Each structure stands twice: as structure tokens, then as C-alpha cells.
Number of protein chains: 2
Amino acid sequence: MIADALDTRTYTIGELARALGLTARTIRFYEDEGLIAPLRAGTARIYSHADRARLILIRRGKRLGFSVREIAEFLALYDADPHQAEKMRFLGHKCRERIAALEVQLRDVRQTLAELRDIDRQIGDHLAKAARTATTKADRSEPQ
Amino acid sequence: MIADALDTRTYTIGELARALGLTARTIRFYEDEGLIAPLRAGTARIYSHADRARLILIRRGKRLGFSVREIAEFLALYDADPHQAEKMRFLGHKCRERIAALEVQLRDVRQTLAELRDIDRQIGDHLAKAARTATTKADRSEPQ
DNA sequence: CCTTACCTTTACGTAAACGTCATGCTGCGG
DNA sequence: CCGCAGCATGACGTTTACGTAAAGGTAAGG
């Protein structure tokens with residue numbers, strides 16, 4: 001099955017680095033920090049499809065400006081083992097904290113986007129006006 | 001006029017630090033990096049209402065995960081002097097770059113929020129189910 | 001006048017997130 | 001069998017964004 005083929009496909013660290021726009025050093029660093037733990041073939045790292053997905057989550061977390069430690073907490077939310085209700089309650093709390101932070105970020109992004117679009121529009125208007133003025137001057141200085 | 005009173009109000013570095021949740025060190029650091037340039041009364045820094053607004057912009061940029069250098073570029077967009085069309089064109093370009101980056105971030109935030117809300121819901125469901133099971137067991141072990 | 005509470009500059013310290021060697025094993029095409 | 005490409009570990013270097021201490025000026029209050 002195709003899905004199985006995808007699921008059993010493995011990657012070397014170099015392949016993943018190229019594919020995801022990271023460096024092998026960076027991926028090893030994330031492993032040192034406990035964000036990911038690939039299988040080994042001897043000493044060589046073997047990444048599964050799930051590992052790849054995990055790296056994509058990490059990369060997105062970084063784009064959002066989270067620290068490696070924060071991303072580790074974030075990944076724990078995906079890893080949650082449904083036994084041990086106490087831990088689940090704790091994760092639920094962490095989850096809502098992160099949601100609140102992202103809601104602030106959503107607001108910030110929207111506001112900044114609105115402001116930048118306004119600035120861009122102003123710049124566009126300004127340049128258009130400057131162009132018209134220049135044209136008018138040219139027209140005056142070169143009738144015909 | 002009230003607006004004038006607000007506009008002419010000044011702040012010391014300590015006041016702004018407390019008000020904005022920064023440290024004086026941080027504000028001085030931003031000055032070293034050219035993000036802000038308050039007036040001086042002798043050696044002491046005097047911040048205007050506009051300086052305060054600028055610091056708020058800087059703080060928001062930081063929340064969004066931008067580096068100090070990126071925030072400096074960002075502030076240049078607000079400072080733009082409408083003369084010198086070449087510079088304006090350059091700023092327009094920078095502006096659209098930043099907009100594109102924020103659009104990616106907007107997508108990332110929305111996606112992550114959706115996932116976390118889903119996880120939170122799953123945790124909630126799970127805990128509710130566990131609670132019901134516990135109650136049922138208790139009911140069975142203590143009839144009456 | 002003295003303390004207290006600010007402010008200043010200078011400078012060294014530090015945590016985070018990698019980059020950059022150095023050194024060595026390992027499979028493989030020629 | 002040789003050399004190259006790619007992987008590994010270990011260790012030191014670098015940049016960013018401040019923290020923190022040292023040493024001192026200044027205005028207000030008791």
C-alpha cells in the first residue's frame with residue numbers, strides 16, 4: 001500500500017536537513033535537547049516518517065518564535081499518553097497556556113499586518129503622486 | 001488640552017521600564033542598537049510620548065519573534081521620510097517582504113491554534129470519560 | 001549634611017542556538 | 001585497494017540579547 005510505503009520510508013539526517021531547510025548540526029542539536037530521538041543503525045541515525053513530521057512541528061515552532069524548551073513542552077502535548085489523569089490535567093493546563101499565548105500572537109500579527117498594509121499603501125500612493133508630478137514637469141518642459 | 005497634556009508628558013527610563021514590563025538595561029540596549037534615541041536632560045534620558053509608542057512597537061516586534069535588527073528595519077518603515085523616491089521604493093519592498101513573512105506567521109499561528117484546541121478538547125473528553133469510569137466503579141463498590 | 005532613590009557609563013558575564021573545525025568510522029564506485 | 005561521500009562524536013567559537021556588578025553623578029527629604 002502507498003500509505004505503508006510512505007510510513008515505512010526512512011531518512012538519513014542529511015536527507016531531512018536538505019528537505020526541511022535545516023542543517024544536520026541543527027537536527028543533532030534538537031536531539032541533544034530531547035526534542036527528537038531517532039532510531040539507530042549502529043551509530044547512524046534513522047528517521048521515520050513520524051520523526052520527519054516531528055521536525056516539521058519543531059520548525060514551525062521556531063518560525064513562531066518559541067524557544068527550544070518551549071517547543072519541547074509543546075511536543076509533549078502531542079505525545080500525551082492518556083493514562084495517568086494527573087499528567088493529562090497538567091498537559092491540559094499547559095495546552096491552554098499555549099493557546100492563550102498564541103491568541104495574543106494572532107492579535108499582534110493581525111495588527112502589525114494591518115499597519116504594514118497601510119504603510120505599503122501610503123508608500124504606493126506617494127510614489128504614484130511623485131511619478132505624476134515628474135511626468136507633469138516633463139510635459140511642461142517638453143511640450144510636444 | 002488633554003491631548004497636549006498627553007503629548008507633552010515625558011517619562012524617565014525607570015517609569016517606562018515599569019510601565020512596559022521591560023528593564024532599564026533593555027531600553028538602553030535598544031538605544032545602543034539604534035532603535036530609539038530619546039532627548040537628554042544633561043545625561044539623563046527623557047522619553048516623549050512618541051518614544052513610548054516606539055517602545056511599544058519594539059515590544060510587539062519581540063513578541064512576534066523578530067530580532068532587534070529586524071525590528072530596526074521594521075521601525076524604518078514607520079519613520080520613512082517621503083522625499084527621496086529611491087529610498088521609498090526600497091522601503092516599499094521591505095514592507096512587502098515583512099508582510100509576506102507575517103502572512104506565513106498568521107497561517108502558522110492559526111494552524112497551531114487549531115491543533116492545540118483539538119488536543120485540549122481531546123484531553124477534556126478523555127478526563128471526562130475517566131471521571132465517569134471512576135464514578136461508575138465507586139457506585140459499584142458502594143451500593144447505597 | 002546625610003541618606004535614599006534615582007539616574008549615568010563601562011565592562012565583564014551568560015544562556016540560547018547553533019556554526020565550525022578536528023578526527024575518525026563506513027560503505028561503495030572505479 | 002583507494003578515494004570520496006556521508007555519517008558520527010567532541011569540543012571550541014560565535015552571535016544575540018540582554019543580566020549584573022562597579023563606580024559615580026544628582027535631586028529630594030529628614
Side-chain angles (χ1 to χ4, degrees), chain A residues 9-49 51-52 54-76 98 101 105 108, chain B residues 9-49 51-52 54-76 98 101 105 108:
Chain A
R9 153 115 211 243
T10 62
Y11 310 83
T12 69
I13 195 169
E15 284 168 357
L16 274 186
R18 267 184 305 264
L20 303 187
L22 306 172
T23 69
R25 174 67 178 95
T26 296
I27 296 178
R28 290 192 196 103
F29 172 71
Y30 293 153
E31 182 173 344
D32 287 344
E33 299 299 309
L35 300 194
I36 192 167
L39 292 177
R40 298 282 185 139
T43 66
R45 293 168 174 83
I46 304 291
Y47 295 87
S48 69
H49 198 70
D51 290 327
R52 183 176 175 282
R54 201 173 173 84
L55 278 171
I56 290 175
L57 277 181
I58 295 170
R59 193 184 49 172
R60 196 177 69 194
K62 284 213 58 206
R63 279 203 304 268
L64 292 178
F66 289 111
S67 72
V68 166
R69 178 138 56 197
E70 286 169 328
I71 294 173
E73 282 187 23
F74 173 80
L75 289 173
R98 192 56 50 98
Q105 198 163 349
D108 283 344
Chain B
R9 153 118 210 240
T10 62
Y11 309 83
T12 69
I13 195 168
E15 283 168 358
L16 274 186
R18 267 184 305 266
L20 303 187
L22 305 171
T23 67
R25 174 67 177 94
T26 296
I27 296 177
R28 290 193 196 103
F29 173 72
Y30 294 153
E31 182 173 345
D32 286 344
E33 298 300 309
L35 300 195
I36 191 167
L39 292 177
R40 299 282 185 140
T43 66
R45 293 165 175 85
I46 303 291
Y47 295 87
S48 69
H49 199 70
D51 290 326
R52 183 176 175 280
R54 201 173 173 86
L55 278 172
I56 290 175
L57 277 181
I58 294 171
R59 193 183 52 171
R60 194 176 71 195
K62 284 215 58 206
R63 280 203 305 267
L64 292 177
F66 290 111
S67 72
V68 166
R69 179 139 54 197
E70 285 169 328
I71 293 174
E73 283 188 21
F74 172 81
L75 289 173
R98 193 57 48 97
Q105 198 162 349
D108 284 342

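Note that the structure is a prediction, hence the values are computed from the model and not measured. Lettering follows sequence order; numbering is per chain, from 1.
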> With Asp108(A) as reference, evaluate Gln105(B), Arg60(B), Arg59(B), Arg63(B) under the side chain to side chain donor-acceptor pair (under 3.5 Å) test and give the passing residue.
Arg63(B)
> Polar atom pairs between nucleotides 11-14 of chain D and protein, under 3.5 Å, N or O only, would you list them?
none

> With sequence neighbours excluded, tell me which residues meet ring pair (Phe, Tyr, Trp, His ring centres under 6.0 Å) with Phe66(A).
none
> In residues 33-47 of chain A, which ones come under 4.0 Å of DNA chain C, going by heavy atoms?
none
> Check this for me: does any side-chain nitrogen of one of Arg9(A) and Glu15(A) sit under 4.0 Å from a carboxylate oxygen of the other?
yes
> Could you tell me from which nucleotide to which nucleotide of DNA chain C, 5' to 3', there is an atom under 4.0 Å from chain A heavy atoms?
dA16(C) to dT20(C)
> Between CG of Leu16(A) and OH of Tyr11(A), what distance do you get to the nearest 0.5 Å?
7.0 Å
> Does the side chain to side chain contact (heavy atoms under 4.5 Å, CB included) test come out yes or no for Ile71(A) and Leu35(A), once each step is laid out?
CA-CA 8 Å; Ile71(A) 294 173; Leu35(A) 300 194; 4.2 Å; yes
> What residues, two or more places apart in sequence or in another chain, satisfy side chain to side chain contact (heavy atoms under 4.5 Å, CB included) together with Glu73(A)?
Lys94(A), Arg98(A)
> Tell me every residue that passes side chain to side chain contact (heavy atoms under 4.5 Å, CB included) with Arg25(A), counting only those two or more places apart in sequence or in another chain.
Thr23(A), Phe29(A)
> For residues 12-22 of chain B, which residues have at least one heavy atom under 4.0 Å from DNA chain D?
none
> Can you list everything that forms a side chain to side chain contact (heavy atoms under 4.5 Å, CB included) with Ala17(B)? Sequence neighbours excluded, please.
Ile27(B)
> What is the distance from atom CG of Leu22(B) to atom OH of Tyr30(B), rounded to the nearest 0.5 Å?
6.0 Å
> Less than 3.5 Å apart, which donor and acceptor atoms pair up between the side chains of residues 40-48 of chain B and the rest of the protein, not counting sequence neighbours?
unit_1: Arg40(B); atom_1: NH1; unit_2: Thr43(B); atom_2: O; d: 2.6
unit_1: Arg40(B); atom_1: NH2; unit_2: Glu31(B); atom_2: OE2; d: 3.0
unit_1: Arg45(B); atom_1: NE; unit_2: Glu31(B); atom_2: OE1; d: 2.6
unit_1: Ser48(B); atom_1: OG; unit_2: Ala50(B); atom_2: N; d: 3.2
unit_1: Ser48(B); atom_1: OG; unit_2: Asp51(B); atom_2: N; d: 3.1
unit_1: Ser48(B); atom_1: OG; unit_2: Asp51(B); atom_2: OD2; d: 3.2

> Sequence neighbours excluded, which residues qualify as salt bridge (Lys or Arg N to Asp or Glu O under 4.0 Å) partners of Arg54(A)?
Asp79(A)
> Between residues 61-74 of chain B and DNA chain D, which residues have a heavy-atom gap below 4.0 Å?
Lys62(B), Ser67(B), Val68(B), Arg69(B)
> To the closest 0.5 Å, what do you measure between CD1 (Ile58(B)) and CD (Glu33(B))?
11.0 Å
> I'd like to check the side chain to side chain contact (heavy atoms under 4.5 Å, CB included) partners of Arg69(B); sequence neighbours left out, ordered by chain and number.
Ser67(B)
